Every structure is written in structure tokens, then in C-alpha cells.
Peer 1: 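My structure is below; once you've seen it, I'll send some questions.
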Amino acid sequence: MARPLRLGVLTGGGDCPGLNALIRGLVRRGVLEFGHSFVGIENGYMGLVEPELVRPLGVEDTRGILPKGGTILGTSNKANPFSYPVREGTGWGTRDLSDQVLRRCEELRLDGLVAIGGDGTLSIAHQLAEKGLKVVGCPKTIDNDLSGTDQTFGFDTARLIVTEALDRLHSTAEAHDRVMVVEIMGRHAGFLTLESGIAGGADLILIPEIPYRVESMLETLKRRATRRRSFSIIAISEGAYPEGGALSVLAEAADIPGRGVVRLGGSGKVCADLLASHIEAEIRVTVLGHLQRGGSPSAADRVLATRYGCKVLDLVRDGQWGHMVALRNNDVIPVPLSESRKERRVDVQGDLVRFARSMGIGFGD
């Protein structure tokens, strides 16, 4: 039997339901079956740069966390050690502190690192692996846009939340004969909007992969009006945009380089404004925002996250550093971390889009 190891664990990027379930599975199996010990690294990679952001992580620390959203370790999507914000005189600049991260791992006597996150976190893990760090990864994101895996945990819970929101908006839309425009997360991939839109009975689904035209949307809305349906539900991704137009962005200003990021947002208002002068019905925009990320994970996400947390220990046991766990054909398998750097998009010719069209759902094209 291989000797017990001392492993670091961090959660990076945006939070999502299931992170605590993964931590629980990882630590419990790691301690009980392999005799490993774990070091919790707080606030993502920041915990390997800033002092005093590490703590022991044992079985007792994982009790009661399975149904909890968020992450007991904290997270950050702005702490890239390859471009870390530092003071330079009276201002701020960025520096490559990746060598400092490697030294910190040595100081902590880590035999390896488990990085849990989306494309940004896993891309950084891949870069650290290329510099010689023993690291393995676990994919998570509500966007479900990582090419290396069929599904990330967090997606199912977000899909349930958005579907419930669409269900609720149906009743008020019908009561007031309104057009409800619902803005949904997903960045540059439309999986969450597409699947939630189908599950929630949306009449129009607007995703980044299919630029929309006002004329096409009006045709869909007018067809509903002729069937005595003057209300409609439009599910729109935050990354959707009109044909010939541009993405709607909300720029977050920051004086510190690396701490300010451009965020997508406002696509719902853009869509509503384009429609307003063409239809008589009232239009209301609902931005679901971070409601989609929070709360208790679904049973499916708890199970998938637990599978990832347990399976990644097999990678450690087999010395498959530089890999991440991934779901392929319902099996959890190792794939190279480099796979996480490839973005996955909705197949606009695939079954889901094709079947949705056949049921009369419009895509604005």
C-alpha cells in the first residue's frame, strides 16, 4: 500500500453548489481509506500567495457540509499567480508569482495539490503542472462549458433554479399579458439557458451560439398572439447578442490590476429595448443573477461532486498528476488538464436545438 500523503485542497473561481460535497468526499475517502492528511487552502490561489490562509482539513471539518452551498474554503476568481496584483510605488502592477506558489507548496510540505474550479482555475493548475507542481483537478461550473467533461457539478442545481423561476414567471406573465424577458447566466455558452428554457417552457430561447434578429422574434411573438396567447417568456443568456451587434457587458471598474474584470450583463434589457417599439404588450425584464449560483445542491450535483472528489484520489494513487477527473458516458475518468482550456459550446445542429425548434420554440434567427 502506498504511503499516506499530505495534500493541499483549494476551490477557485466562482462558487457553485456541490463544492462542499466534493470536499467532503475527498477528505473522508482520503483519510479513511488512504490515511492521507489534507491542508485547506483558503480563497483559491490567493491562499498560496498571501500568508496565514491555510488550515488543517480533517473529517471533523466536513461534518454537516454536504447540503451547504458555497465552499468552506472560500474562493476567488481574481488571484491568478501568473498575473498577481502587487504594489509598485504609488500604484499597482502585476507580477508572475508562480515560483512563490511552488515554494509555498514546499514550505507546507505538500505531496500534491487538488484544484477544484472552472476553466480559469484549471488552466492555472495546468500551467503550474508544466512548472513541475504535482496537481490534479476537479471541474465545476454552472455554465457546463468545459470541453473535457460531459457535465460539471453545479449545472444541475442552477438548471433547477432557473426552471423554477420560469415556472413562476409564467403565472404572472399570463395574468398580465406581459412579455417576460429572463436573463440567465452562462457567459459564452448557452447550455444553462437552452436546457432551462426547454424545461421551463420558454417561447423564445436566445443563446450566444445563435445571434438573434428582432424580425424573427416578432414573428414568434405574433404567432402566439394569433393563438390567443398574448403573453410570452423569453429566456436569454447573458452572452446572447443581436445579429450584427455586440455583447452586452458590465465593466467592473477597479484601480488594482487583475482585481477588476469585465462581466457580461444587460442582455435582457437590450433585448427588451429592441422589442419595445414593435409590440403593444408590456415587457418586463428579470435578471436572475447570483440566485442561480447559491443554495443547497441538488441530489444529482451532490452525487457527481462526491464521485469527482473520491475519483481524484485514484489519480493521486496512480501518479496521474497533470490530469483532472471528468464525466464521459457516465464514467468518471482521468483526462489531461489541458482539456480544461478548450471551451465547449452548444451544438446548434444538435438534438436539443432541433427538437426545440420542432416544438415551436424560437431562437431568434
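Quick caveat, the model's predicted, so the values are computed rather than measured.
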Peer 1: For the atom pair CG (Leu10) and CD1 (Ile124), what is the distance rounded to the nearest 0.5 Å?
Peer 2: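 One finds 9.5 Å between CG of Leu10 and CD1 of Ile124.
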Peer 1: Verify whether one side chain among Arg302 and Ser296 offers a donor that lies under 3.5 Å from an acceptor in the other.
Peer 2: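 Yes - a donor-acceptor pair under 3.5 Å links their side chains.
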Peer 1: Quick check: closest heavy atoms across Pro297 and Leu66, and the distance to 0.1 Å?
Peer 2: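 Heavy atoms of Pro297 and Leu66 come nearest at CG-O, 3.8 Å.
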Peer 1: Following the transitive rule for hydrophobic clusters with a side-chain heavy-atom cut-off under 4.5 Å over Ile, Leu, Val, Met, Phe, Trp and Tyr, establish whether Ile210 and Leu274 coincide in one cluster.
Peer 2: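 No; Leu274 is not reachable from Ile210 via cluster members.
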Peer 1: Which atoms form the tightest heavy-atom contact between Val285 and Gly268, and what is the distance?
Peer 2: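 Where Val285 meets Gly268 most closely, the heavy atoms are CG2-O, 3.8 Å.
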Peer 1: Answer yes or no: does atom CD of Glu107 have more than 12 heavy-atom neighbours from other residues, nucleotides or ligands under 6.0 Å?
Peer 2: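 Counting other residues, nucleotides and ligands, CD of Glu107 exceeds 12 neighbours.
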Peer 1: If the threshold is 4.0 Å, N to carboxylate O, is there a salt bridge linking Asp156 and Arg159?
Peer 2: yes
Peer 1: So does Ser237 get a backbone contact from the side chain of Ser267, meaning a donor-acceptor N/O pair under 3.5 Å?
Peer 2: yes
Peer 1: Should we say atom CD of Glu280 is surrounded by more than 12 heavy atoms from elsewhere, each under 6.0 Å from it?
Peer 2: no
Peer 1: If you measure from CG on Leu304 to OG1 on Thr149, what distance do you get to the nearest 0.5 Å?
Peer 2: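 So the CG of Leu304 and the OG1 of Thr149 are separated by 7.0 Å.
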Peer 1: Between the side chains of Asp314 and Arg29, is the shortest nitrogen-to-carboxylate-oxygen separation below 4.0 Å, so that they form an ion pair?
Peer 2: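 Asp314 and Arg29: salt-bridged.
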Peer 1: Scan Arg6, Lys134, Arg3 and name whichever one has a side-chain hydrogen bond (donor to acceptor under 3.5 Å, both in side chains) with Asp111.
Peer 2: Arg3
Peer 1: Would one find more than 12 heavy atoms of other residues, nucleotides or ligands at under 6.0 Å from atom CZ of Arg95?
Peer 2: no
Peer 1: Nearest 0.5 Å please: distance from the CZ atom of Phe38 over to the OG1 atom of Thr62.
Peer 2: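 If I round to the nearest 0.5 Å, the distance is 10.0 Å.
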Peer 1: How close do Ile279 and Val179 get, counting heavy atoms only, and between which atoms?
Peer 2: CD1-CG2, 4.0 Å
Peer 1: In this structure, are over 12 heavy atoms from other groups packed under 6.0 Å from Arg63 atom CZ?
Peer 2: yes
Peer 1: For Lys140, is there an ion pair with Asp301 - N to carboxylate O distance below 4.0 angstrom?
Peer 2: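 Not counted as a salt bridge, because no side-chain N and carboxylate O are separated by less than 4.0 Å.
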Peer 1: Rounded to the nearest 0.5 Å, what's the gap from CG on Asp119 to OG1 on Thr141? Could you check?
Peer 2: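 Separation between the atoms: 7.0 Å.
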Peer 1: Is it the case that over 12 heavy atoms from other parts of the model lie below 6.0 angstrom from the CZ atom of Arg345?
Peer 2: yes
Peer 1: Taking only Lys NZ, Arg NE, NH1 and NH2, and the carboxylate oxygens of Asp or Glu, determine whether Lys222 and Glu219 approach each other closer than 4.0 Å.
Peer 2: no
Peer 1: Can you tell me how far apart CD1 (Ile207) and OG1 (Thr193) are? Round to the nearest 0.5 Å.
Peer 2: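 Spacing of CD1 (Ile207) from OG1 (Thr193) equals 8.0 Å.
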Peer 1: Taking all non-hydrogen atoms of both residues, which atom of Phe155 and which atom of Asp143 are closest, and how far apart?
Peer 2: CD1-C, 4.5 Å
Peer 1: I'd like to know if Asp99 pairs up with Arg103 as an ion pair, taking the criterion as any Lys NZ or Arg NE/NH1/NH2 lying under 4.0 Å from an Asp or Glu carboxylate oxygen.
Peer 2: no
Peer 1: Taking 4.0 angstrom as the limit, do Lys131 and Asp96 come out as a salt bridge?
Peer 2: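 Salt bridge absent between Lys131 and Asp96.
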Peer 1: Where do Val31 and His36 come nearest, in terms of heavy atoms and distance?
Peer 2: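 Minimum heavy-atom separation between Val31 and His36: CG2-O, 3.4 Å.
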Peer 1: Has Arg344 got its NZ or CZ under 6.0 Å from the middle of the six-membered ring of Phe191, at an angle within 45 degrees of the ring axis?
Peer 2: yes
